Engineer: 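Before we start, here is the structure in question, set down as structure tokens.
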Protein chains: 2
Amino acid sequence: MADQAGRRPRLTPERIAQAAVALADRDGIEALTIRALADELGTKPMTLYHHVDGKERLLDLMVDRIFAEMEAPREDLDWREAIIARCRSVRAVLVSHPWSVPLLESRTAPGPELLRHHEAMLAALDRGGLPLPLMAHGYAILDSFVFGFALEEATLPAQGGEGMAEVAQDIAAAFDADAYPQLVRLTVDHVMKPGYSFGSSFDVGLGMILDGLVAAAQRAATPASA
Amino acid sequence: MADQAGRRPRLTPERIAQAAVALADRDGIEALTIRALADELGTKPMTLYHHVDGKERLLDLMVDRIFAEMEAPREDLDWREAIIARCRSVRAVLVSHPWSVPLLESRTAPGPELLRHHEAMLAALDRGGLPLPLMAHGYAILDSFVFGFALEEATLPAQGGEGMAEVAQDIAAAFDADAYPQLVRLTVDHVMKPGYSFGSSFDVGLGMILDGLVAAAQRAATPASA
DNA sequence: GTTGCGCTTCGTACTAAGTACGCCTAGCGT
DNA sequence: ACGCTAGGCGTACTTAGTACGAAGCGCAAC
């Protein structure tokens with residue numbers, strides 16, 4: 001079949017996962033079909049099955065690839081700075097692959113990248129001097145917040161600015177605006193003002209949680225006093 | 001066809017959505033097919049299309065049904081108590097319908113129940129005396145945390161106790177345990193101890209965020225001073 | 001150099017699931 | 001009584017995942 005004479009790009013699971021991520025970025029996750037992916041890679045559907053075990057496995061690989069893009073907390077920074085940088089990185093990655101957010105949950109199999117990530121995160125919390133129970137809490141709380149935030153961002157119809165007004169219009173039209181006074185007030189007097197950005201709440205929340213952890217650690221360190 | 005003589009249960013979108021939720025609870029979301037749902041309702045696939053516009057719409061309805069189960073903040077409680085109760089309720093609902101968490105994100109169309117919820121939540125924050133910008137932050141941060149937490153809970157292979165040990169075993173076996181000292185320490189010395197529960201971090205995180213909001217409000221109220 | 005083995009590659013085709021089309025029936029207002 | 005409309009459903013088309021087995025190609029031992 002006059003196939004580019006011998007030079008096979010050698011399909012590998014990684015290469016396939018990479019192409020799948022690119023395809024999802026470009027056309028959306030629902031456009032990611034085995035056939036489309038095969039086309040993209042210049043091969044045929046069934047060929048892919050010799051490298052990945054099925055679509056579920058492929059999704060697992062994609063998820064781990066997403067985790068690989070996230071910058072783990074650096075060891076050369078102050079623990080708090082390291083954690084903030086890491087959380088911002090996580091958010092940025094998730095925002096750049098919005099389709100991945102729902103995926104991250106449905107997959108339970110932790111890949112090596114995820115574990116590496118967990119480890120670095122725990123190490124940073126440890127450097128912060130948090131006792132073990134607080135490390136556990138801190139990690140759970142931080143990640144809940146970070147992923148939850150990214151999730152909301154990915155879902156939001158609009159992030160602010162023009163689109164926002166339209167959405168607000170639609171909602172107000174579809175339902176009785178008078179029934180939702182706070183919602184209206186928030187939208188008109190704050191969200192639709194120039195300069196508003198949903199994303200600005202991210203750093204605020206992050207700061208609150210870190211402050212809370214530090215305070216809790218101090219409280220724990222103090223032997224016993226009201 | 002000897003059809004129970006005249007007594008039609010009168011299919012409605014609500015009834016269908018309810019049956020769909022029940023089916024997803026029982027057999028998992030992947031078992032929710034139009035055909036299975038029709039069987040469950042004692043009808044045929046195409047009949048459903050006279051009441052819901054397609055599977056996407058059905059999922060929207062299901063999501064709004066989930067929101068309807070969540071207890072909105074009560075007006076007769078102290079604002080902080082009301083918010084805590086509401087957040088716990090949200091978490092409880094999501095945990096009881098774990099399949100719904102990934103769904104909540106992929107659907108962008110806000111249903112009436114969701115709006116009602118937002119409204120009540122904002123009202124509670126308002127009662128707390130938070131200025132508008134802090135209300136916006138507070139809501140974004142709280143919901144990010146609450147949904148993020150539920151999301152992690154829904155994903156977690158095990159919540160603690162027996163299952164945990166197995167999972168840890170698997171991970172340790174699959175990868176090099178020595179490469180993840182913090183992870184090992186956390187698992188062995190904390191997570192696998194009796195009494196550990198991932199869920200306990202929920203109230204802790206909630207408290208930190210609320211404390212942070214109150215502190216920020218106080219700071220905002222103070223004219224200007226370091 | 002030839003042959004054989006195994007890793008890829010892929011053509012074919014089956015299955016599951018969403019859903020368009022159009023017929024059929026029952027009830028109801030005129 | 002009649003036809004109109006809404007709801008129910010049989011049929012069949014389409015998309016997508018994937019099982020099965022044959023065809024192609026490189027390498028190692030003969």
Side-chain angles (χ1 to χ4, degrees), chain A residues 1-63 99-100 102-103 106-107 109, chain B residues 1-63 99-100 102-103 106-107 109:
Chain A
M1 227 43 103
D3 190 311
Q4 300 281 48
R7 200 214 350 160
R8 292 290 161 67
R10 233 71 223 136
L11 288 180
T12 66
E14 292 72 36
R15 199 177 197 72
I16 294 175
Q18 175 187 344
V21 168
L23 209 170
D25 283 342
R26 182 154 51 79
D27 300 339
I29 188 69
E30 74 286 345
L32 175 65
T33 72
I34 296 291
R35 292 168 215 260
L37 184 56
D39 274 356
E40 196 74 10
L41 287 164
T43 181
K44 301 294 153 117
M46 291 322 287
T47 301
L48 300 180
Y49 281 83
H50 278 272
H51 302 278
V52 289
D53 198 7
K55 194 168 189 183
E56 290 300 300
R57 286 304 117 199
L58 175 62
L59 294 175
D60 286 342
L61 290 177
M62 292 170 71
V63 166
W99 50 265
S100 74
L103 264 196
S106 19
R107 336 264 93 219
Chain B
M1 230 38 106
D3 193 308
Q4 301 279 49
R7 198 212 354 157
R8 291 290 161 70
R10 236 64 229 145
L11 287 180
T12 66
E14 293 71 37
R15 198 180 197 70
I16 293 175
Q18 176 186 344
V21 167
L23 210 170
D25 282 343
R26 183 155 51 79
D27 300 342
I29 189 67
E30 73 286 343
L32 176 65
T33 72
I34 297 291
R35 293 167 213 258
L37 183 55
D39 274 357
E40 196 74 10
L41 287 164
T43 180
K44 300 295 152 122
M46 291 322 289
T47 301
L48 299 180
Y49 282 82
H50 277 273
H51 303 276
V52 291
D53 198 10
K55 194 168 187 181
E56 291 300 300
R57 287 302 118 201
L58 174 62
L59 294 176
D60 286 342
L61 291 177
M62 291 171 71
V63 165
W99 49 265
S100 74
L103 265 195
S106 20
R107 334 266 94 215

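All chains are named by letter (A, B, ...) in the order of the sequence lines, taking the proteins before the strands, and each is independently numbered beginning at 1. Since we're looking at a predicted model, the values are computed, not measured.
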Engineer: Would you tell me if any nitrogen or oxygen in the side chain of B/Lys55 comes within less than 4.0 Å of OP1 or OP2 on C/dG18?
Structural biologist: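 Checking C/dG18 against B/Lys55, a side-chain N or O does come within under 4.0 Å of OP1 or OP2.
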Engineer: Are B/Leu58 and B/Leu37 side-chain neighbours, meaning at least one heavy-atom pair lies under 4.5 Å?
Structural biologist: yes
Engineer: Can you tell me the distance, in whole Å, between the CZ atom of B/Arg57 and the P atom of C/dT19?
Structural biologist: 11 Å
Engineer: Can you find a heavy atom in the side chain of A/Thr47 that is under 4.5 Å from one in the side chain of A/Leu41?
Structural biologist: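 Sidechains of A/Leu41 and A/Thr47: no contact.
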Engineer: Report yes if some heavy atom in the side chain of B/Leu61 is under 4.5 Å from a heavy atom in the side chain of B/Arg57; otherwise report no.
Structural biologist: no
Engineer: Can you tell me the distance, in whole Å, between the CG atom of B/Leu48 and the P atom of D/dG8?
Structural biologist: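 Value for this atom pair: 9 Å.
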Engineer: Measure from CG on B/Leu58 to C1' on C/dA17 and round the result to the nearest Å.
Structural biologist: 14 Å
Engineer: Once you round it to whole Å, what is the distance between C1' of C/dA17 and CD1 of B/Ile34?
Structural biologist: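 Whole-Å distance recorded here is 9 Å.
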Engineer: Counting the atoms with a prime plus P, OP1 and OP2 as sugar-phosphate, which does A/Thr33 contact under 4.0 Å by heavy atoms, base, sugar-phosphate, or nothing?
Structural biologist: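 Counting heavy atoms under 4.0 Å across all strands, the contact made by A/Thr33 is with sugar-phosphate only.
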Engineer: Quick check for you: among C/dT12, C/dT19, C/dA13, whose closest atom lies nearest to any side-chain atom of A/Arg35?
Structural biologist: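 The answer is C/dA13, which lies nearest to the side chain.
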Engineer: When the distance from CD of A/Glu56 to P of D/dG17 is rounded to whole Å, what number comes out?
Structural biologist: 10 Å
Engineer: The side chain of B/His50 lies closest to which of these nucleotides: D/dG8, C/dA13, C/dT8?
Structural biologist: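 Of the candidates, D/dG8 comes closest.
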Engineer: Between B/Ile16 (CD1) and D/dG7 (P), how many Å, whole number?
Structural biologist: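 That distance rounds to 11 Å.
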Engineer: Examine distances only and state if a side-chain atom of B/His51 and a backbone atom of B/Ile16 form a donor-acceptor pair shorter than 3.5 Å.
Structural biologist: no
Engineer: When you measure from the side chain of A/Tyr49, which nucleotide among D/dG17, C/dA17, D/dG10 comes out closest?
Structural biologist: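 Comparing D/dG17, C/dA17, D/dG10 against the side chain of A/Tyr49, the answer is D/dG17.
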Engineer: Do B/Trp99 and B/Asp27 have side-chain heavy atoms sitting under 4.5 Å apart?
Structural biologist: no
Engineer: Between C1' on D/dC9 and CG on B/Asp39, what's the gap in Å once rounded to a whole number?
Structural biologist: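 So the two atoms are 13 Å apart, to the nearest Å.
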Engineer: Is the shortest side-chain N/O distance from B/His51 to OP1 or OP2 of D/dG8 below 4.0 Å?
Structural biologist: yes
Engineer: The side chain of A/Leu11 is closest to which nucleotide in this list: D/dG17, C/dT19, C/dT9?
Structural biologist: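 That would be C/dT9.
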Engineer: Between A/Gly42 and B/Asp53, name the one whose nearest nucleotide on DNA chain C is closer to the 5' end.
Structural biologist: A/Gly42
Engineer: Less than 4.0 angstrom between a side-chain N/O of B/Thr47 and OP1 or OP2 of D/dC9, yes or no?
Structural biologist: yes
Engineer: Which nucleotide in the list D/dC9, D/dA16, C/dC10 gets nearest to the side chain of A/Lys44?
Structural biologist: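 The answer is C/dC10, which lies nearest to the side chain.
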Engineer: Rounded to whole angstrom units, what separation is found between the CD atom of B/Glu30 and the C1' atom of D/dA16?
Structural biologist: 17 Å
